[in-house]
Amino acid sequence: MTESVVRALHGKAKSLNLSSKKINVVPECVSRLPNLSVLLLKNNSISALPNELLCLHHLVELNLGNNALKELPAVLGHLESLKKLYLFSNQITAVSPDVIDGLQNLVVLNLNHNHIRRLPPEIKSLTRLQHLSVLDNKLEEVPAELGHLTSLTEINFTSNNLPSLPMQLYQCKEITKLHVARNKLTSLPEGIKALTKLQVLDVAGNKLSMFPVEFDSLPLKELYHEDNRFVRCEPMSSVQDVEVLMLKELAARFVLKQDRDMSSLVHRMLPYYPPLPELLANGSCCALCLNPFLTTWLECVHFVSVNKEYKSSPSEVNPLSRTLRSLSVLSPLYSIINMIDGAQSQNPV
C-alpha cells in the first residue's frame, strides 16, 4: 500500500487504487492528491472515512464496496464533484438525508447488498442520477420523491421487501431497465404506459395477478415474469350487481365528456374551479364504449400473447387489467347525458 501511495504522490496521480490492501483506515496522505479523480478502496475493512477527503475537490469516482461501513460517512456529502459512488456489500442500515442532499452531481449510486429499509425523501436532490441500484437490501417502501429523478435510465430494486411501487415512478420517462424481481408486489401501478423507453422489465418472483391497463403498448425487448400468481386464461361466470349511480358520479361523467370538447363552456370554466381538475384526474375511460367515468365499477382481464415480441419467460398469454363502466347502467346513463346535452343546447349561456 505504501508504495502505491508514494508513487501516486510523486506522479501527482489522478487515480489511486488501494483495493484489496487489507486496510481498515484510509491513509491521510491521500489528501495531498488534490487532483485525484478516481479513488478505489474496495475489498478492505474500512469502517469510517477521514475528514481529509474534503480536500479532494475533483474526486469523480469513489469505490468503497465490500468494506465495513455501517452508515454513509458524513464527508461524502461534501464531495460535490462525485459522479459515481459504490457502497455495495457493507453493513449500511440507513441512508443519511444530509449526505444524499450533498451529492447533487451523482450519476451512479450502488447500494447493493446492505441492510437498508428505506430511502429518504431527500433522494429527490439527485436530479442527475441515471443508475440507481439497491439490490439485496430490506427495502419496505420507495418514496414518492423518486419521481423527481427524471434522468434515471436504470433502476434495480431486486430482492427486497417492497409491497408496492409509487405511482410517481412513471414520471421517470427515461427509464430503459426496471428490475423489481423477488419482492412482494401484488400489482404494478397504473400509468406504466408512460415509460415509453422501457426495454427491460423484470418482475419475476412477486405476487402479481395481472399487468396494468395498456401494458402491451410498452416497447419491451425483454420481459421476465415467472413465479407470480397470474390469473389463468379460463372461462368463468360473473354476475354484476345492479348499482345506482350517485349524483357526483353522474355529474363527473358529464363534465369529463364535455371537457373533451375544447370549445365547450365546461372546458373553458374548469380552470376557475381548481379542486375539480384534481378530482377528475382520477377518471378513466371505458374499454368498450370509450366514454369517461370517475369511479371504476367493473374490472376484468383480457389476455395477450407477448412471447413473440419479448424475450419472455414461458407462458401462453399474459393477463392485462381492463376497466369498464358498470354494464347495468350504460343505457340509462346515455339517456341522462343526452337529456342534459339537449337542455344545454336549448338554454345557451
Flag the pair L223 / L218 as yes when at least one side-chain heavy-atom distance between them is below 4.5 Å, and no otherwise. no

Side-chain donor-acceptor contact under 3.5 Å, S96 with D98: no

Given 3.5 Å as the limit, does a donor-acceptor pair link the side chain of R268 with the main chain of S263, or not? yes

d(L64 CG, L85 CG) to nearest 0.5 Å is 7.0 Å

Hydrophobic cluster membership, with links at side-chain heavy-atom distances under 4.5 Å among I/L/V/M/F/W/Y: are L59 and Y86 in one? no

Minimum heavy-atom separation for F293 and R253, please, with both atom names. CB-NE, 3.5 Å

Mind listing the side-chain donor-acceptor pairs of residues 44-54 below 3.5 Å, one per line with the distance, residues two or more places apart or on another chain?
{"residue": "N44", "atom": "OD1", "partner": "K21", "partner atom": "N", "Å": "2.9"}
{"residue": "N44", "atom": "OD1", "partner": "K22", "partner atom": "N", "Å": "2.9"}
{"residue": "N44", "atom": "OD1", "partner": "I23", "partner atom": "N", "Å": "3.1"}
{"residue": "N44", "atom": "ND2", "partner": "L18", "partner atom": "O", "Å": "3.0"}
{"residue": "N44", "atom": "ND2", "partner": "L41", "partner atom": "O", "Å": "2.9"}
{"residue": "N44", "atom": "ND2", "partner": "K42", "partner atom": "O", "Å": "3.2"}

Please list every donor-acceptor pair under 3.5 Å in which a side-chain atom of residues 191-201 meets a protein atom from a residue at least two apart or in another chain.
{"residue": "K193", "atom": "NZ", "partner": "E214", "partner atom": "OE1", "Å": "2.8"}
{"residue": "K197", "atom": "NZ", "partner": "E174", "partner atom": "OE1", "Å": "2.7"}
{"residue": "K197", "atom": "NZ", "partner": "E174", "partner atom": "OE2", "Å": "3.3"}

Taking the side chain as every heavy atom from C-beta outward, state whether P189 and L169 have any pair of such atoms under 4.5 Å apart. no

Donor on one side chain, acceptor on other, S159 and R182, under 3.5 Å: yes

Looking at side-chain heavy atoms only, is the closest gap between L152 and L129 below 4.5 Å? yes

Got a second to check how far L39's CG is from L33's CG, nearest 0.5 Å? 9.0 Å

Rounded to the nearest 0.5 Å, how far does CD1 of I92 lie from CG of N90? 5.0 Å

Compare all side-chain heavy atoms of T93 with those of K70 and state whether any distance is below 4.5 angstrom. no

Is there a continuous path of hydrophobic side-chain contacts, each under 4.5 Å between heavy atoms, that joins L135 to I175? no

Pair D101, S125: side-chain N/O donor-acceptor within cut-off below 3.5 Å: yes

For the residue pair L276 and V255, establish whether any side-chain heavy-atom pair is separated by less than 4.5 Å. no

Rounded to the nearest 0.5 Å, what's the gap from CG on L16 to OG on S37? Could you check? 10.5 Å

Ion pair present between E61 and K83, side-chain N to carboxylate O less than 4.0 angstrom? no

Looking only at heavy atoms, which two atoms of N114 and F88 are closest? And how far apart? ND2-CA, 4.1 Å

Does a side-chain heavy-atom distance below 4.5 Å link V213 with E190? yes

If you measure from CG on N228 to OG1 on T186, what distance do you get to the nearest 0.5 Å? 10.5 Å

With rounding to the nearest 0.5 Å, note down the distance linking OG in S151 to CZ in R128. 8.5 Å

Looking only at non-hydrogen atoms, find the nearest pair between P292 and K257 and report the distance. CG-N, 3.6 Å

Are Y170 and V203 linked, directly or through intermediate hydrophobic residues, by side-chain heavy-atom contacts shorter than 4.5 Å (ILVMFWY only)? yes

In the single-linkage hydrophobic clustering (I, L, V, M, F, W, Y; side-chain heavy atoms under 4.5 Å), do L82 and V107 co-cluster? no

To check you understand the geometry: which heavy-atom pair defines the closest contact between L103 and L79, and what is its length? CD2-O, 4.0 Å

How about N66 and N43: does a side-chain donor come under 3.5 Å of a side-chain acceptor? yes

Is any side-chain heavy atom of V108 closer than 4.5 Å to a side-chain heavy atom of Q130? no

Shared hydrophobic cluster for L109 and V38 (ILVMFWY, side-chain gaps under 4.5 Å): no

Which residues pass the salt bridge (Lys or Arg N to Asp or Glu O under 4.0 Å) test with K184, not counting sequence neighbours? none

Ignoring hydrogens and geometry beyond distance, is a side-chain donor-acceptor pair present between H58 and N35 at under 3.5 Å? no

Run the side chain to side chain contact (heavy atoms under 4.5 Å, CB included) check on L119 and L146 step by step: do they pass? CA-CA 9 Å; L119 296 174; L146 190 72; 5.5 Å; no

State, yes or no, whether a side-chain contact exists between L185 and F157 at a heavy-atom distance under 4.5 Å. no

